[in-house]
Amino acid sequence: MSETTTPAEAQENEAAEEYATAELCGTELRVKSALHWRPSHMRALRQSDFDTWSAGVLHEDDVQTFIDLDATFAEIFEFVGKASEAVGEPVGKSTAPARSSRSTRKR
């Protein structure tokens, strides 16, 4: 699968729980659709706990490879960006409408 996925392909991947691929340090790793990531995986990513994050979002056969690559933070952040593109979802960005900044409370 390519690094960029059409919305239709992303929906197919989601329905079939297939994996997209993204490259880290020259190695292709399989990544779950972002819609299958649990909140704990997102917390691990925000806290830079990449071992926990990888165990939750990568294919089980790729987790040890991810750990063994011992990538730098810059390489990991680039990989996360590529992975989010590959699964067709902007990781960490909600598709919900933004809340109004105006208060609706009467004065």
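Side chains are part of it too, since the values below use all heavy atoms of this structure and drop only hydrogens, waters and symmetry mates.
Between atom NE2 of residue H59 and atom OG1 of residue T21 there is a gap of 12.5 Å, rounded to the nearest 0.5 Å. Between L45 atom CG and R43 atom CZ the span is 12.0 Å, to the nearest 0.5 Å.
The aromatic rings of F77 and F50 sit perpendicular, their planes meeting at an angle over 60°, well past the 30° parallel limit.
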Show the numbers, then the answer: is there a side-chain contact (heavy atoms from CB on, under 4.5 Å) between L58 and V31?
CA-CA 5 Å; L58 297 181; V31 184; 3.7 Å; yes
Under the side-chain contact (heavy atoms from CB on, under 4.5 Å) rule, what do R30 and D61 come out as? Steps first, then yes or no, please.
CA-CA 9 Å; R30 292 164 286 183; D61 295 340; 3.5 Å; yes
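Under a 3.5 Å cut-off, the side chain of W37 and the backbone N or O of G56 do not form any donor-acceptor pair. Checking side-chain atoms of K82 against main-chain N and O of L24 turns up no donor-acceptor pair under 3.5 Å.
The minimum heavy-atom distance between W53 and A44, with the atom names listed, is N-CB, 3.9 Å. In plain terms, the two heavy atoms of C25 and A71 that are nearest each other are SG-CB, 3.8 Å. A pairwise comparison of heavy atoms in T27 and T65 identifies CG2-CG2, 3.9 Å as the closest pair. For the residue pair V63 and S54, the shortest heavy atom distance occurs at CG2-O, 3.4 Å.
Residues satisfying the side-chain hydrogen bond (donor to acceptor under 3.5 Å, both in side chains) test with D51, not counting sequence neighbours, are none.
Side chains of K32 and Y19 form a contact here, defined as non-hydrogen atoms less than 4.5 Å apart.
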